[in-house]
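All values derive from a computational prediction rather than experimental measurement.
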Amino acid sequence: MAWVILVGSGIFEAVWATALGDSRGLSRPLPAIVFGVALIVSMWGLSRALREIPLGTAYAVWTGIGAVLTVAIAAARGVEELSVLKVVFLCGVVGAVVGLRVVERKSAGYHEGSQPMNVPANGDA
């Protein structure tokens, strides 16, 4: 469930980033309100996901999702142009996010009380 919340939180990051741009320095009320609400939801989701997902992984996934979706929204709205290289690099970000999920899934057993490899159970190094 933490991963679902984290992905949703990343989506809300793109919403608040887009609304922030639309607010013109928070001077337009509706985009400023959308920014504030989406920011709170996004931060809440990130903080909730951190209960089960390590900080570095969660933050990388959160920012990756937010960055890719923010560029996609800007491109769909005609605010930003996409080039072949931009798409390639955005696909690289998506690949990195998926890779972090795969790696986290394989090491999830460590969060349930098991010992990582090469670390004695009694704590001696």
Running the 4.5 Å side-chain criterion over Ile, Leu, Val, Met, Phe, Trp and Tyr, what cluster does Val84 land in, apart from itself? Val88
Check which hydrophobic residues are tied to Ile73 through side-chain heavy-atom contacts below 4.5 Å, counting indirect links as well, and list them.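 Ile73 clusters with nothing; isolated.
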Output side-chain donor-acceptor pairs under 3.5 Å for residues 94-101, partner residues at least two apart or in another chain, one line each.
none

Within-4.5 Å side-chain heavy-atom neighbours: Leu26 and Leu20: yes
So do Val41 and Val15 actually touch side chain to side chain, heavy atoms under 4.5 Å? no
Inter- and intrachain pairs under ring-ring contact (aromatic ring centres under 6.0 Å, His included), touching [range], at least two apart:
range	value
residues 72-94	none
residues 39-62	Tyr59-Trp62
residues 3-25	Trp16-Phe35

Could you list all the side chain to side chain donor-acceptor pair (under 3.5 Å) pairs where at least one residue sits in residues 82-98, not counting sequence neighbours?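 Residue pairs passing side chain to side chain donor-acceptor pair (under 3.5 Å), neighbours aside: Glu80-Lys86.
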With rounding to the nearest 0.5 angstrom, report the [atom1] to [atom2] distance, [X] to [Y].
X	Y	atom1	atom2	value
Glu52	Glu104	CD	CD	10.0 Å
Leu90	Leu82	CG	CG	7.0 Å
Ser9	Ile65	OG	CD1	8.5 Å

Results of salt bridge (charged side-chain N to carboxylate O under 4.0 Å, His left out) for Arg77 - residues two or more places apart only: Asp22
Taking all atoms of both residues into account, what is the closest heavy-atom pair of Glu13 and Thr63, and its distance? OE1-CA, 3.5 Å
Suppose we screen for side chain to side chain contact (heavy atoms under 4.5 Å, CB included). Which residues come up paired with Ala58, at least two apart in sequence or across chains?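 Per chain and number, Ala58 pairs via side chain to side chain contact (heavy atoms under 4.5 Å, CB included) with Leu6, Leu46, Leu50, Ile53.
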